[in-house]
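Below is one structure, written out as structure tokens; comments come after it.
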Amino acid sequence: ALFMMKCIIGGARIRVFGRALHAIARISDEFWIDPKEKGLFLKTVNSSRSAYACVFFSSTFFQNYSYGNEQSLNRDTVQLACKLIIKAILPLFRCLHTLERNVEKCNIYTDVNDCHVVFKLFCKHGVVKTHSLTFQECEPLQAVFAKHLCTNVLKGFVHFRHLSDMLIHFPTYQEEITLGVTPMKVCFKTYAEDETGEDCATHTEIHLSPAEFEYFQVGVDSEVTFCLKELRGLLVFAEALSTPISIHFDVSGKPVAFSIEDTVIEALFVLATLSDTESCTTASKPACLEQKGIKTLPVAGETHPQLPRRALPQERNHLVSTMIR
């Protein structure tokens, strides 16, 4: 292996780390552990490349954090990430309340000799549980998306303590939701494939004024439709941290980004949005992900396939076309 990472999570923060794993597990069966000098990244992307998540833990989040050594950090070394199966690690963090009470600390380190990530739980009464998980070395996963360039920004809900407090008004079976903005208002409403069909018997709309947000910026009137499934994990994670969620987006077909920023934790969820058939141009190019050997989507002047307004049944949960090739 070409890198080495060791970190220690204190008892109170093991629950937070576990919630992050549960959040990204909503997106994919695989995830990347990507250690860097400044801290640890957990990343994932779904099979259709329409949802990406990244949770960053600063080195100060850990009781102790060390990354690399002189040999592994020389200029000729390419730093790789560990790709693991999420189902292999979730059982370790399944009951977070019990974990917090019974586990005093958790050591995580990479075994550079046989491609394993080792999780060692130091429990009360001297019990030590060791779990060694095989990983696959691969290029780090990275979303090519600059949220600071988005024209529409919503930060912090004043009266709704969390975004989840508002979305609770939507039916639990609701798979997609539409967010619409103008300089005068924000609207969250039910999305239905066929607005004349029986599925639209229950329609929910919530209207908010700019004063409802800590920061409100609308550069272009727009409506974006995205999938709720991948977002719900971040909502629970943000609520556990008591951290407000920021939303960055542009027009339909372009991604919408949900992010939280704490003193030692940052999380970014990028969701592709449903595109109008008429807007299938480079102006509505979705976000893309970049790995070694995988180029980004076509440059300006080229078009790419996207789902029409009425998504195909088998693609309904994905909403949009692939984010990488």
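Keep in mind that the numbers below use all heavy atoms, side chains included, and drop hydrogens, waters and symmetry copies. Not measured: the values here are computed from a predicted model.
Considering only heavy atoms from C-beta on, Ile108 comes within 4.5 Å of Met5 through its side chain. Residues Glu176 and Leu274 form no side-chain contact, since every pair of their non-hydrogen atoms from C-beta on lies 4.5 Å or further apart. In this structure, the side chains of Leu40 and Asp34 stay at 4.5 Å or more apart for every pair of heavy atoms. Within the 4.5 Å cutoff, no side-chain heavy atoms of Glu212 are placed close to those of Val186. Two residues are said to be in side-chain contact when any heavy atoms from C-beta on lie closer than 4.5 Å; Ile177 and Phe226 meet this criterion. Taking 4.5 Å as the limit, every side-chain heavy atom of Tyr52 sits out of range of all side-chain heavy atoms of Phe269. For the pair Leu84/Ile89, no side-chain contact is recorded, criterion being any heavy-atom separation below 4.5 Å from C-beta on.
Every residue meeting the side chain to side chain donor-acceptor pair (under 3.5 Å) condition with Ser222, not counting sequence neighbours, appears here in chain and number order: Asn152. Not counting sequence neighbours, the partners of Phe57 by the ring pair (Phe, Tyr, Trp, His ring centres under 6.0 Å) test are Phe17, Phe61. The side chain to side chain donor-acceptor pair (under 3.5 Å) test applied to Ser58 returns Thr60, not counting sequence neighbours. Partners of Lys147 under the salt bridge (charged side-chain N to carboxylate O under 4.0 Å, His left out) rule, at least two apart in sequence or in another chain, are Glu261. Among residues two or more places apart in sequence or in another chain, the ring pair (Phe, Tyr, Trp, His ring centres under 6.0 Å) test is passed with Phe249 by none. With sequence neighbours excluded, the residues forming a side chain to side chain donor-acceptor pair (under 3.5 Å) with Ser164 are Glu239, listed by chain and number. Residues satisfying the salt bridge (charged side-chain N to carboxylate O under 4.0 Å, His left out) criterion with Arg15, sequence neighbours excluded, are Glu100.
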For this session: Just do the side chain to side chain contact (heavy atoms under 4.5 Å, CB included) check on Leu42 and Ile33 with the steps written out, would you?
Result: CA-CA 5 Å; Leu42 304 179; Ile33 290 183; 3.8 Å; yes
For this session: Take Phe237 and Ile260, measure what side chain to side chain contact (heavy atoms under 4.5 Å, CB included) needs, and give me the verdict at the end.
Result: CA-CA 9 Å; Phe237 186 47; Ile260 60 175; 3.8 Å; yes
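At a threshold of 4.5 Å between side-chain heavy atoms, the hydrophobic network of Ile, Leu, Val, Met, Phe, Trp and Tyr places Ile9 and Leu92 in one connected group. Cluster membership for Leu90 and Ile14, using ILVMFWY side-chain heavy atoms within less than 4.5 angstrom, is shared. Under a hydrophobic clustering in which Ile, Leu, Val, Met, Phe, Trp and Tyr are joined whenever their side-chain heavy atoms come within less than 4.5 Å, directly or via other members, Phe31 and Phe119 fall into the same cluster. There is no path of hydrophobic side-chain contacts, each under 4.5 Å, that joins Val236 to Ile86.
In the hydrophobic clustering, Val128 connects to Phe122, either directly or through intervening members, whenever side-chain heavy atoms lie under 4.5 Å apart. In this structure, Phe56 belongs to a hydrophobic cluster whose other members, linked by side-chain heavy atoms under 4.5 Å apart, are Phe41. Under a 4.5 Å side-chain heavy-atom cut-off, the cluster of Ile, Leu, Val, Met, Phe, Trp and Tyr residues that includes Tyr109 is completed by Val118. Tyr215 belongs to a hydrophobic cluster whose other members, connected by ILVMFWY side-chain contacts under 4.5 Å either directly or through intermediates, are Val153.
Distance CG/Leu21 to CZ/Arg94: 11.5 Å, rounded to 0.5 Å. In this structure, CZ in Phe258 is found 7.5 Å from CD1 in Ile245, a value given to the nearest 0.5 Å. Once rounded to the nearest 0.5 Å, the distance linking OG1 of Thr190 with CZ of Phe188 reads 12.5 Å. One finds the NZ atom of Lys155 at 5.0 Å from the NE2 atom of His248 (value rounded to the nearest 0.5 Å). Rounded to the nearest 0.5 angstrom, Leu167 CG and Thr204 OG1 are separated by 11.0 Å. For the atom pair Leu154 CG and Ser246 OG, the distance stands at 9.0 Å (nearest 0.5 Å).
Taking both residues in full, the closest heavy atoms of Gly253 and Thr273 are given as N-OG1, 2.8 Å, listed atom of the first, atom of the second, then distance. Here the closest non-hydrogen pair linking Gln217 and Cys150 is NE2-O, 3.8 Å. Of all the heavy atoms in Ala23 and Gly233, the pair that sits closest is CB-O, 3.5 Å. Taking each heavy atom of Gly156 and Pro244 in turn, the nearest pair found is CA-CB, 4.0 Å. Listed here is the closest heavy atom pair of Thr182 and Phe216: O-CZ, 3.5 Å. Between Tyr67 and Pro35, the closest heavy-atom pair is CE1-O, 3.3 Å.
A donor-acceptor pair under 3.5 Å links the side-chain atoms of Asn46 to the main chain of Ala51, judged by distance alone. Side chain of Thr243 to main chain of Leu241: a donor-acceptor pair is present (N/O by atom type, distance under 3.5 Å, no hydrogens or angles). A donor-acceptor contact shorter than 3.5 Å links the side chain of Gln174 to the backbone of Tyr191.
The only option from Glu205, His203, Glu223 that meets the side-chain hydrogen bond (donor to acceptor under 3.5 Å, both in side chains) definition with Lys189 turns out to be Glu223.
Checked by atom type, the side-chain pair Asp250/Thr151 shows a donor-acceptor distance below 3.5 Å.
Applying the side-chain hydrogen bond (donor to acceptor under 3.5 Å, both in side chains) test to residues at least two apart or on different chains, none of the pairs has a partner in residues 21-31.
Atom CD1 of Ile168 sits in a sparse spot, with 12 or fewer heavy atoms from other residues, nucleotides or ligands closer than 6.0 Å.
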